[in-house]
A.B. asks: 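Before anything else, here's the structure in question.
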Amino acid sequence: MKNALITGITGQDGSYLAELLLEKGYKVYGLMRRKSVVDYGNVDHIKDKIHFIYADMQDIVSLITAMKISQADEVYNLAAQSFVATSWDTPCTTADIDAIGVTNMLEAIRIVKPEARFYQASTSEMFGKVQAIPQDETTPFYPRSPYGVAKLYGHWITKNYRESYDMYACSGILFNHESERRGLEFVTRKITHAVARIKLGVQDYVELGNLDAKRDWGHSKDYVRAMWLLLQQDHAEDYVIATNETRTVREFAEAAFKAAGIEVEFEGEGVNEIAKDKATGKVVLKVNPDFFRPAEVELLIGNPAKAEKELGWEREISFNELVERMVKNDLAIVEKEIKSAN
Ligand code: NAP
Ligand code: F7E
């Protein structure tokens with residue numbers, strides 16, 4: 001039986017990865033942060049199968065202890081302040097967790113068990129103002145947010161520990177991946193949750209920012225499989241994980257409304273753009289400039305050819321299935337809320 005340590009286990013990816021590793025027979029350890037109200041987040045349903053260790057990415061002593069307790073063979077570093085918009089509000093905390101936190105984890109491994117394999121959650125946000133279309137492992141980086149900049153440090157320090165100490169340390173450069181467990185502040189889940197509320201009559205419209213931004217969206221369940229594959233190779237390398245498809249936020253919203261049986265049409269431009277329900281003429285989407293970012297990543301589309309060829313990785317959940325699953329899940333959640341309120 002192998003031991004795995006997952007940082008960020010309570011998040012979206014941590015929960016799917018924990019399920020995958022448990023299925024594969026791993027003993028799974030997960031980092032938990034102390035909160036005033038105990039909250040297992042997305043792993044509440046499997047909490048009895050996980051060995052939790054209280055620790056924080058900003059506290060190297062706690063990470064050394066986590067390595068000593070877990071004796072992990074594989075460490076998946078998924079912990080992060082992961083919301084790009086907030087990284088302008090808390091740039092220093094974002095850097096402490098997403099940049100220095102990676103060095104803390106790598107040092108803890110080096111001190112306690114240097115032969116452990118290390119996965120770093122790198123991101124397409126490092127491409128930012130893209131220097132090539134589509135983006136792959138050879139594309140130069142140009143991050144556009146404090147989050148992207150911090151993650152780029154994490155990416156390079158991982159490569160540096162691989163080259164300096166011959167550690168099995170690698171990064172998956174993952175493009176956007178979503179799911180039924182995505183945080184409500186991210187645009188996909190914000191849309192599917194609002195669509196469910198609009199469909200069930202508890203909200204009139206949703207307010208969004210830049211509808212022209214383009215993203216390469218996959219499902220988290222497919223992407224955690226890639227994380228595991230990265231740590232099962234003969235030697236450590238970095239890989240882009242993506243779908244090679246890109247869509248605007250507007251297209252995601254249109255697909256989400258459609259999945260709930262609402263056909264929408266867009267009219268107007270820029271901050272005056274709206275979407276109306278074709279059947280009723282009611283406005284169901286408005287643009288609010290408050291949701292625009294100080295600097296935007298306009299276009300992301302990733303080429304996963306290297307991962308497909310060398311890891312045998314393939315995504316199984318299509319864009320339409322992703323949207324349908326998220327809308328169906330949010331309709332069930334909102335229906336339950338309505339019933340319990342009555
Ligand atoms: P998420 O849902 O926001 O989860 C983040 C996790 O990090 C949570 O478990 C959170 O714990 C934990 N965390 C935050 N600060 C911490 C700290 N100081 N110490 C210990 N744990 C801390 O993120 P996700 O979508 O699953 O993403 C997983 C990783 O992949 C992140 O590193 C993210 O930056 C990266 N990534 C995500 C995407 C994507 O599209 N989802 C794409 C590329 C890369 P609490 O529950 O205590 O807050
Ligand atoms: O924004 C636009 C926004 O917050 C996507 C994280 O997992 O993926 C994620 O980062 C796009 C942006 O994700 C709203 O301006 C418009 O262009 O869902 P998001 P993100 O910034 O792409 C990467 C790969 C990560 O690594 C991150 O951890 O949508 N947008 N209107 C909006 N975004 C939000 N959140 N809310 C809006 O109302």
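All ligand and atom numbering here is 1-based and tracks the order in the structure.
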A.B. asks: For the 3.5 Å polar cut-off, considering only N or O atoms, please tell me whether V187 and ligand 2 meet it.
C.D. replies: yes

A.B. asks: Which ligand 2 atoms, with their elements, are less than 4.0 angstrom from a heavy-atom of A213?
C.D. replies: 17 (O)

A.B. asks: Between Q12 and ligand 1, find which residue part has any heavy-atom pair under 4.0 Å and reply side chain, backbone, both or neither.
C.D. replies: both

A.B. asks: For atom 37 (C) of ligand 1, what is the nearest protein heavy atom, given as residue, atom name and distance?
C.D. replies: H177 CE1, 3.9 Å

A.B. asks: Please state which part of S122 comes within less than 4.0 Å of ligand 1, counting heavy atoms only: side chain, backbone, both or neither.
C.D. replies: backbone

A.B. asks: Heavy-atom contacts with V84 under 4.0 Å: which atoms of ligand 2 show up? List them by number with element.
C.D. replies: 10 (O), 21 (O)

A.B. asks: Which atoms of ligand 1 are found less than 4.0 Å from any heavy atom of S82?
C.D. replies: 1 (P), 3 (O), 23 (O), 33 (C), 34 (O)

A.B. asks: What I want to know is whether F175 and ligand 2 share at least one N or O pair that is separated by under 3.5 angstrom.
C.D. replies: no

A.B. asks: Show me the donor-acceptor pairs, under 3.5 Å and distance only, between side chains in residues 335-342 and residues at least two apart or in other chains.
C.D. replies:
unit_1	atom_1	unit_2	atom_2	d
S340	OG	K336	O	3.3
S340	OG	E337	O	3.2
N342	ND2	I338	O	3.1

A.B. asks: Out of L78, D13, N176, who is nearest to atom 24 (P) of ligand 1 when you count heavy atoms only?
C.D. replies: D13

A.B. asks: Can you name the atoms of ligand 2, numbered from 1 with element, that are less than 4.0 Å from a heavy atom of V249?
C.D. replies: 2 (C), 29 (O)

A.B. asks: Can you sort out which atoms of ligand 1 are near Y147, meaning under 4.0 Å from one of its heavy atoms?
C.D. replies: 33 (C), 34 (O), 35 (C), 36 (N)

A.B. asks: Of the side chain and backbone of R182, name the one, both, or neither that has a heavy atom under 4.0 Å from an atom of ligand 2.
C.D. replies: side chain

A.B. asks: Considering only heavy atoms of T123, which atoms of ligand 2 have at least one such atom less than 4.0 Å away?
C.D. replies: 23 (C), 24 (C), 25 (C), 26 (O)

A.B. asks: Heavy-atom distances under 4.0 Å are what count here, so tell me which part of D56 touches ligand 1: side chain, backbone, both or neither.
C.D. replies: both

A.B. asks: Among all protein non-hydrogen atoms, which one is nearest to atom 5 (C) of ligand 1, and what is the separation to 0.1 Å?
C.D. replies: A80 O, 3.7 Å

A.B. asks: For atom 8 (C) of ligand 1, which of the options T10, L63, T93 provides the nearest non-hydrogen atom?
C.D. replies: T10

A.B. asks: Going by the atom numbers of ligand 2, which of them fall below 4.0 Å from some non-hydrogen atom of S124?
C.D. replies: 24 (C)

A.B. asks: Check each heavy atom of R182 against ligand 1 and say whether those closer than 4.0 Å belong to the side chain, the backbone, both or neither.
C.D. replies: side chain

A.B. asks: For atom 27 (C) of ligand 2, which candidate among S220, S122, S82 provides the closest heavy atom?
C.D. replies: S82

A.B. asks: Could you tell me whether F186 approaches ligand 2 through its side chain, its backbone, both or neither, with non-hydrogen atoms closer than 4.0 Å?
C.D. replies: both

A.B. asks: Which ligand 1 atoms, with their elements, are less than 4.0 angstrom from a heavy-atom of A121?
C.D. replies: 29 (C), 30 (O), 32 (O), 35 (C)

A.B. asks: Of the choices A242, G209, G302, which has the non-hydrogen atom that lies closest to atom 31 (N) of ligand 2?
C.D. replies: G209

A.B. asks: Do any N/O atoms on T188 end up under 3.5 angstrom from N/O atoms on ligand 2?
C.D. replies: no

A.B. asks: As an exercise, identify every atom of ligand 2 less than 4.0 angstrom from a heavy atom of F83.
C.D. replies: 4 (O), 35 (N)

A.B. asks: Compute the centroid of each ring, for F127 and then for Y142, and state whether the two points are separated by less than 6.0 Å.
C.D. replies: no

A.B. asks: Measure from atom 4 (O) of ligand 2 to every heavy atom in E178, R293, K190, E296 and give the option owning the shortest one.
C.D. replies: R293

A.B. asks: Any salt bridge linking E19 with R181? Criterion: basic side-chain nitrogen under 4.0 Å from a carboxylate oxygen.
C.D. replies: yes

A.B. asks: Side-chain polar contacts of residues 52-60 - donor-acceptor pairs under 3.5 angstrom, sequence neighbours left out - could you list them?
C.D. replies:
unit_1	atom_1	unit_2	atom_2	d
D56	OD1	Q58	N	2.9
D59	OD1	V61	N	3.1
D59	OD1	S62	N	3.2

A.B. asks: Could you list the atoms of ligand 1 found under 4.0 angstrom from a heavy atom of L174?
C.D. replies: 42 (C), 43 (C)

A.B. asks: Of the side chain and backbone of K151, name the one, both, or neither that has a heavy atom under 4.0 Å from an atom of ligand 1.
C.D. replies: side chain

